[in-house]
Amino acid sequence: MIKVFLFPLLIIINSCASINYSYFTDFKNAISRNELIIDDLFIENQDFSFIKVSNSKNDAVFVLASISSVGIYEWIGANYERIRTKDGLILETVGLESDIKFYSNLLITHNNKGIFNSHIDLYNPDLVFEEISLQHHSSKTHFTENGDKVVTSKFLRTSSAIGWRSEDIYVYKNGIIQRSVQEINPLTGPLEIEFYFKY
Amino acid sequence: MYKVVLIYFLIFTTQASSSIQDYIYPYNEFSYSNYGTLGLIQNPNARFLEEGSLGFAWTHNEPYLRGSLIAYPFNWMEVSYQYADINNRLYSLVDEFSGSQSLKDKSFDAKFRLIKESKYVPQISIGFRDLAGTGVFSSEFLVASKFLSPGLDFSFGIGWGNLTGHPIKNPLQEISDRFELRTSSVGEGGELNINDYFSGSAGYFLGAEYYIPRSKGLRLKIEFDGTNYKTENDIPLRQDSKLNVGLLFPQSKNLSYKLNYIRGNTLSFGFSYKLNLGKKNSQTLSKQKQTPIANTDAIKIVTSKSKSNLYKASLKYLSDDKFYLQHATSNDNSLEVVLSQTQYRNPIISSGRALNILNQIAPKNINSLKVSEINGGIGIYSTEVDRGSLSRGKNFFLPPKPDADISFQPFYYGGVNDYEFNPKAKYPAFFHTIGPDLRSQIGGPDGFFFGDLKLKSSSELLISRNISVLSEVSYGLYDNMDDLKLPSDSILPHVRTDIVQYLKQSRNLSIQRMQLNKFGQFSPSIFYKFSGGILESMFNGYGGEILYKPFEKNHAIGFEAWKVFQRNYDQMFGIRDYNTLTGHLSFYYTEPKSNVTFRMKGGKFLAKDSGISFEFWRVFYSGFRLGAFFTLTDISKEEFGEGSFDKGFYFHVPLEIFSNSYNRRNFGWGLRPLTRDGGAALIHSHPLWGIANSSNNNSFNRHVADFYD
């Protein structure tokens with residue numbers, strides 16, 4: 001008799017009506033990449049220019065907060081993280097897993113070639129006022145069907161004191177940065193930024 | 001003498017610390033030896049990881065295959081548990097019993113820091129290998145480690161037992177004759193061989209770990225091997241060279257691989273993975289901030305019009321953040337709400353966020369806000385804050401000062417009559433989660449690993465605020481338990497040792513739990529629970545629990561009593577012909593600085609044996625919990641069987657550590673080296689300690705800096 005009563009109850013309270021798949025979500029979050037698809041609708045719904053910042057684990061959107069008189073763009077993330085860029089190069093970050101700060105503002109542009117030196121601070125782990133250089137490595141130019149001029153420049157980022165050597169990639173369309181890939185810390189993977197400007 | 005002093009200063013006067021070193025020598029956390037504890041290749045060193053770290057190390061080192069779980073309850077303590085597959089010996093001396101299975105050895109190692117490294121003084125630690133196992137690998141050591149330069153970590157030590165590859169006279173024999181002979185031979189395991197520690201001949205060992213600069217953390221290890229291969233494992237191993245060399249390749253700060261050449265004739269390899277789970281935000285950058293409420297000025301105008309508007313707005317905006325308002329009361333200048341929530345484990349974050357919501361929507365005349373939380377109809381705590389200091393503190397990220405800006409109090413839940421606003425809750429209410437469930441039987445004579453993967457549905461049916469039915473039902477997806485057949489040899493009632501029967505006969509649909517609970521409280525400090533039904537996987541029954549836990553104090557006293565009936569092996573509704581009355585009196589004390597809790601639990605256990613169980617656990621800032629226990633009862637070692645007494649360890653990892661949002665889910669894992677019947681206690685769900693634990697002034701003060709998280 002007890003079984004007769006308990007079995008339906010068991011079925012009811014274990015019914016799939018409102019199953020919470022939380023463990024699967026946790027597992028998925030732990031192993032999968034948090035991807036953000038930027039489509040035309042997403043772009044249309046944004047009120048301001050924004051960037052999509054990606055590392056090996058996550059995609060995130062940062063919204064344009066200000067533009068300085070020397071062309072430095074400041075982007076703000078959902079948890080008040082900040083990224084300052086100039087022509088695609090990340091000059092400073094605040095609130096990321098590892099942060100960087102360049103002391104020199106005027107570095108690369110889409111048509112600059114040569115070696116650009118600066119001092120940097122790195123955070124987590126902390127490193128204060130170490131020399132870094134960005135050396136132009138190569139550039140390729142092509143034109144799209146619409147006649148847009150697309151320049152892809154590669155720079156070699158080196159800081160010999162700490163054995164940091166990596167490659168930066170900057171893609172410009174008609175002189176405006178579209179995409180960049182760069183390491184902001186030798187112990188983390190590269191950050192990729194896609195730029196979406198709204199005028 | 002002068003030379004000795006000079007060498008000492010040349011060797012031991014360099015210390016590694018500088019930010020640039022973290023880039024020149026990245027991933028520079030200490031690494032594991034082939035024995036699964038921090039060390040060089042075979043030799044131990046004096047190093048530790050940060051407290052709250054948990055590691056796993058796997059090594060193939062012919063003839064051994066060793067897996068180790070390593071924990072760091074404190075900065076000065078390393079404990080590890082390991083399984084070693086010894087492939088040149090059979091499981092038993094009786095061939096028919098062993099079959100083709102090789103010997104599996106379980107061992108427990110511990111290391112303690114005696115002196116911390118400083119500019120002129122090396123770090124010195126004392127350690128024990130195979131502390132309470134069969135003694136196959138047993139040894140003790142005293143070891144010193146010192147950074148000679150930022151990238152060179154040198155270790156030197158003296159060992160006993162199997163660390164006597166380079167024998168010297170045991171210096172302790174000068175102190176006492178007791179250190180002259182090492183008497184015990186390899187035994188059944190489970191006991192501390194205290195009389196043997198540091199006895200017999202001694203030996204020395206030394207070596208160094210060189211962190212190759214600017215090479216992404218690559219390290220070279222070289223050592224003068226201290227292992228005595230003639231005594232270890234009873235079967236001597238050939239040693240062609242006493243010099244071992246190895247390389248460590250860190251993949252990240254957590255994962256590293258190793259390749260070693262040892263004894264001049266053997267290549268060994270392995271990997272290790274370690275995580276710091278104790279710190280706040282150790283695995284993610286930070287948690288998602290609370291979303292500010294829009295148009296708060298307009299909301300405040302509306303809530304100022306009537307109390308009803310204020311209550312409804314509180315209900316809505318708290319609900320948006322998964323706080324469930326149960327009751328509310330307001331007067332001219334104060335607002336008090338009673339809520340329940342299942343999202344936040346940390347009461348300071350929970351109350352901080354709820355108060356922040358109320359602060360954004362309450363009219364300007366309200367200058368005092370109070371949030372009280374209930375769980376299962378039990379009042380847990382109240383947090384009251386002066387609204388002015390709340391706003392000022394939030395602007396400057398200054399946590400409120402306890403007893404000045406904010407007060408934490410115990411909360412006695414008296415029901416609906418105490419409040420003006422009592423929104424009607426819909427009962428019965430259902431909550432479900434579904435997830436994987438892995439059961440395992442490791443290291444038995446039938447095979448190393450038997451287990452099954454089941455799909456488990458956990459449900460809670462709330463009949464009223466304080467009456468619920470908790471159920472756990474699972475369905476087997478995959479198992480390898482066909483060959484699991486070793487019967488229990490216990491001479492006690494088989495309250496746990498029929499585990500093989502339970503595992504094998506509950507492979508399909510089974511009910512782990514179906515427990516009716518009624519919770520309540522007699523006062524702010526006295527909680528009670530009555531339960532009945534299927535209480536755990538092996539016992540049905542009924543009974544109750546009462547807990548006295550004063551809010552301001554660090555101690556608590558609990559009592560529980562249960563009438564239980566052993567369940568059928570198929571884990572459905574039937575029962576077997578065994579029942580008993582079990583119950584315990586428990587005393588808890590939490591040391592506030594380290595947050596280590598000690599529990600002493602005395603009474604009658606499931607197999608009708610009487611005794612005391614001792615349990616220690618530490619809860620780290622993140623909620624990560626490490627614990628260990630042992631139980632001594634009035635049965636003899638012979639009656640208990642292999643292992644001599646019940647003991648084990650466990651850890652609980654809050655899953656929110658890996659997430660950027662808050663949740664209360666845990667991943668837990670525990671291990672008893674042997675499943676025996678003596679000292680076995682009922683494992684009923686929702687013990688009162690777990691529910692009322694956050695009702696504690698210490699936990700509020702400890703986390704007060706998180707108030708604005």
Side-chain angles (χ1 to χ4, degrees), chain A residues 1-7 9-31 34 55-58 60 77-81 95-99 120-130 158-165 185-189, chain B residues 18-28 213-217 250 252-253 281 283-289 291 428-437 456-461 469-475 509 511 514 533-534 572-574 655-661 663-665 667:
Chain A
M1 183 61 198
I2 291 174
K3 287 184 190 177
V4 173
F5 169 72
L6 285 176
F7 253 114
L9 183 63
L10 201 66
I11 290 165
I12 290 168
I13 64 180
N14 289 289
S15 72
C16 296
S18 60
I19 284 176
N20 175 357
Y21 293 93
S22 50
Y23 284 101
F24 295 117
T25 309
D26 288 334
F27 183 67
K28 182 170 165 268
N29 289 343
I31 62 163
N34 168 30
N55 63 12
S56 59
K57 185 76 188 152
N58 287 307
N79 280 330
Y80 311 109
E81 305 93 340
L96 303 188
E97 188 180 355
S98 294
D99 286 318
I120 53 165
D121 289 347
L122 298 179
Y123 303 91
N124 188 26
D126 293 354
L127 178 71
V128 179
F129 211 64
E130 196 52 68
T158 54
S159 177
S160 55
I162 58 172
W164 186 5
R165 189 180 168 86
N185 189 297
L187 304 183
T188 60
Chain B
S18 173
S19 62
I20 195 170
Q21 309 296 348
D22 291 329
Y23 288 96
I24 296 175
Y25 307 107
Y27 314 129
N28 54 11
R214 301 176 189 85
S215 61
K216 296 190 183 296
S252 66
K253 74 177 181 183
N281 299 331
Q283 302 304 318
T284 56
L285 190 59
S286 60
K287 297 284 186 281
Q288 278 174 352
K289 300 285 182 198
T291 309
F430 303 108
F431 301 93
H432 298 86
T433 60
I434 191 163
D437 183 29
K456 182 163 126 182
S457 164
S458 302
S459 311
E460 190 156 18
L461 167 66
V469 177
L470 188 85
S471 78
E472 291 171 9
V473 178
S474 60
Y475 188 80
L509 182 68
I511 306 167
M514 198 167 176
I534 300 173
M572 295 304 283
F573 296 105
L655 289 174
E656 68 177 18
I657 287 177
F658 306 99
S659 169
N660 64 353
S661 61
N663 66 68
R664 294 173 91 158
R665 290 187 291 276
F667 166 74

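Every chain is numbered from 1, with letters handed out A, B, ... down the list of sequences.
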Under 4.5 Å from a heavy atom of chain B, the part of A:N124 involved: backbone
What residues form a side chain to side chain donor-acceptor pair (under 3.5 Å) with A:D99, not counting sequence neighbours? A:T93
Atom group of A:S159 that falls short of 4.5 Å from chain B, counting heavy atoms: neither
For the atom pair CD1 (B:I24) and CG (A:L127), what is the distance rounded to the nearest 0.5 Å? 8.5 Å
Measuring from B:R214:CZ to A:W164:CH2, what's the distance to the nearest 0.5 Å? 15.0 Å
State which residues pass side-chain contact (heavy atoms from CB on, under 4.5 Å) with B:S215; sequence neighbours excluded, sorted by chain then number. B:I212, B:L218
Just wondering, more than 12 heavy atoms not from B:R664 lying within 6.0 Å of its CZ? yes
Here the gap from B:Y23 atom OH to A:L187 atom CG, rounded to the nearest 0.5 Å, amounts to 5.5 Å
Given heavy-atom pairs under 4.5 angstrom as the criterion, report whether the side chain, backbone, both or neither of B:Y27 touches chain A. side chain
Looking at A:A161, A:G163, A:P186, which has the largest count of heavy-atom pairs under 4.5 Å with chain B? A:A161
